[in-house]
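Everything on this sheet refers to the single structure shown next.
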Amino acid sequence: MPADRIKRLSAADLGPGPWGLDASPTWVGPVKVMAVSRARQRWPELPVDEQIVRAVHILTERGALTHEEHRASAVEVPACAFGARQIVVIAEPDRLHATRELIGAAAGFDGCVVVFTVQPPDIELLASWGADEIVHLEGDNVEEDVAHAFAVWAAEHQPWAVLTESTAWGREVAARAAARQGAGLTGDAVGLELDGDRLVAWKPAFGGQLVAAVSATSPIQMATVRAGMLDTLTPRAANPVRTTTITMAPRGRVTIRARTRDDDIEVLADASAVIAVGMGVLPDEYPKLEPLRDALHAELGATRKVTDQGWLPRARQIGITGRTIAPRLVVSIGASGKFNHTVGLRAAGTVLAINPDRDALIFDAADVGIVADWHDVLPRLVAALPTT
């Protein structure tokens with residue numbers, strides 16, 4: 001940056017404020033421990049075959065080996081009541097799972113849900129998920145243009161709350177819109193609650209060991225939410241919904257020439273079973289995992305060290321700097337079990353760990369453990385799994 005383009009401001013130049021806590025439109029409420037009780041059952045003194053028999057028995061009893069789709073709540077999407085609060089969901093293109101989660105959560109807060117979408121909307125689908133109104137933002141998918149168009153609409157309609165995905169796209173759109181509206185924004189939430197007339201967003205803290213309740217003091221409350229953290233509700237009958245189109249005026253400061261993804265973060269959010277690999281599984285050995293993947297209908301996840309090596313895409317990373325996942329079953333193979341990784345497994349229904357080190361940390365984060373080399377375990381485990 002050329003020096004003549006840099007302007008220096010002193011504290012006096014900034015004016016009297018308010019600054020700091022007095023200026024913040026959010027505040028932190030109660031904090032609770034992200035405690036997860038795992039069964040931690042393992043039998044290192046037994047032969048491998050006997051360990052596998054016991055492990056499969058426990059997995060079967062826990063319902064971890066069923067092949068139903070990713071969890072769906074039996075609760076049906078509620079209808080919008082006349083005069084109810086207005087809740088906006090800003091839908092990122094091609095993020096259907098996360099969009100469905102957010103719409104269902106918004107509908108559950110006794111509100112009428114307005115869905116903003118950049119791509120042409122599937123009206124019947126969005127309505128069945130809980131949309132009561134759809135606003136199509138027509139134009140190029142440029143984050144600052146999306147944020148500007150929404151902010152102009154919000155200034156007139158003053159929605160009660162705004163939700164979007166905790167992705168690079170969602171964070172940029174939300175941050176720009178919040179700054180323009182002076183709205184309190186909680187980023188990277190893993191849960192949402194209602195406290196009177198305030199939206200409470202639960203946000204991980206201290207490396208994921210705690211979650212803090214964050215609320216906004218502003219009229220418009222905003223949050224970005226991690227995919228896979230909220231229930232998907234049973235669709236309701238798709239009633240006719242009002243649909244409007246807003247043409248986005250391009251600001252022209254940013255041009256998106258191409259968008260590419262090395263993978264999709266919704267793969268793990270949608271998965272009902274995940275095989276989480278660590279450095280103990282080399283990339284040329286991944287094909288050996290295929291029989292287990294097929295048997296469990298599972299997707300591959302990984303530790304950060306694995307994605308740092310480029311062995312799997314970043315979208316497959318599980319942990320503090322990756323994804324928090326909530327499938328019915330996680331099978332951890334070749335991972336040591338450092339907290340930075342296992343914190344991402346806390347929402348999983350059942351965790352099975354395979355490691356030859358009986359003292360490996362991963363067993364403390366697992367319900368069931370098999371103490372043996374995974375090369376020996378996998379073919380026997382696949383053979384022992386019940387067929388469906």
Is the closest basic N to carboxylate O distance between Glu143 and Arg259 below 4.0 Å? yes
Could you walk me through whether Val241 and Leu126 pass side-chain contact (heavy atoms from CB on, under 4.5 Å), step by step? CA-CA 9 Å; Val241 297; Leu126 294 177; over 6 Å; no
Output yes when a side-chain donor or acceptor of Thr324 lies under 3.5 Å from a complementary backbone atom of Gly344, and no otherwise. no
A quick test of your reading: do over 12 heavy atoms of other residues, nucleotides or ligands sit less than 6.0 Å from CG of Asp294? yes
When you compare the side chain of Gln158 with that of Gln181, does any pair of heavy atoms fall below 4.5 Å? yes
Asp308 atom CG, over 12 foreign heavy atoms within 6.0 Å: yes
With sequence neighbours left out, what residues match Asp367 under side-chain hydrogen bond (donor to acceptor under 3.5 Å, both in side chains)? Arg38, Arg62
Among Thr66, Leu329, Leu381, Val331, find the residue that satisfies the side-chain contact (heavy atoms from CB on, under 4.5 Å) test when tested with Leu59. Leu329
Mind running side-chain contact (heavy atoms from CB on, under 4.5 Å) on Arg85 and Asp197 for me, showing each step along the way? CA-CA 10 Å; Arg85 56 171 64 97; Asp197 194 44; 3.2 Å; yes
Thr186: partners by side-chain hydrogen bond (donor to acceptor under 3.5 Å, both in side chains), with sequence neighbours left out: none
Side-chain donor-acceptor contacts of residues 147-154 below 3.5 Å, not counting sequence neighbours, with atom names and distances?
residue: Trp153; atom: NE1; partner: His157; partner atom: ND1; Å: 3.2

Side-chain heavy atoms of Val190 within contact of Val225, under 4.5 Å: no
Check residues 368-375 and write down every donor-acceptor pair under 3.5 Å in which the side-chain atom is one partner and the other belongs to a residue at least two apart or another chain.
residue: Asp373; atom: OD1; partner: His375; partner atom: N; Å: 2.7
residue: Asp373; atom: OD1; partner: His375; partner atom: ND1; Å: 2.5
residue: Trp374; atom: NE1; partner: Gly280; partner atom: O; Å: 3.1
residue: His375; atom: NE2; partner: Glu285; partner atom: OE2; Å: 2.7

Would you check if Thr342 and Leu361 make a side-chain contact, meaning some heavy-atom pair closer than 4.5 Å? no
Is it true that a side-chain atom of Arg316 and a backbone atom of Leu300 form a donor plus acceptor pair closer than 3.5 Å? yes
Just wondering, do Leu185 and Thr26 contact through their side chains at under 4.5 Å, heavy atoms? no
Between Trp169 and Thr164, does the side-chain contact (heavy atoms from CB on, under 4.5 Å) criterion hold? Intermediate values first, please. CA-CA 9 Å; Trp169 186 95; Thr164 191; 4.0 Å; yes
Closer than 3.5 angstrom, by distance alone: can the side chain of Gln51 be matched with the main-chain N or O of Leu46 as a donor-acceptor pair? yes
Contacts satisfying side chain to side chain donor-acceptor pair (under 3.5 Å) that involve residues 122-134 (not counting sequence neighbours) are Asp132-Arg236
Do Asp231 and Arg100 sit within salt-bridge range, that is, some charged N less than 4.0 Å from a carboxylate O? no
Do Leu378 and Lys288 touch side chain to side chain, with heavy atoms closer than 4.5 Å? no
Any side-chain to backbone donor/acceptor pair from Gln119 onto Asp94? Under 3.5 Å, distance only. yes
Answer yes or no: is there a donor N or O on one side and an acceptor on the other, between the side chain of Thr224 and the main chain of Gly170, under 3.5 Å? no
Heavy-atom distance under 4.5 Å between the side chains of Arg42 and Pro44, does that happen here? yes
With a 3.5 Å distance limit and no angle check, can you tell me whether Asn355 reaches the backbone of Asp357 through a side-chain donor-acceptor pair? yes
Under 3.5 Å, is there a donor-acceptor pair between the side chain of His136 and the main chain of Ile246? no
Note: Asp13-Arg8 ion pair, threshold 4.0 Å (strictly below): no
Any side-chain donor-acceptor pair under 3.5 Å between Arg328 and Thr350? no
Can you find a pair of side-chain heavy atoms, one from Leu65 and one from Pro386, that are under 4.5 Å apart? yes
Heavy atoms, side chains only, cut-off 4.5 Å: are Pro93 and Asn141 in contact? yes
So the salt bridge (charged side-chain N to carboxylate O under 4.0 Å, His left out) pairs with at least one residue in residues 213-227 (sequence neighbours excluded) are Asp188-Arg226
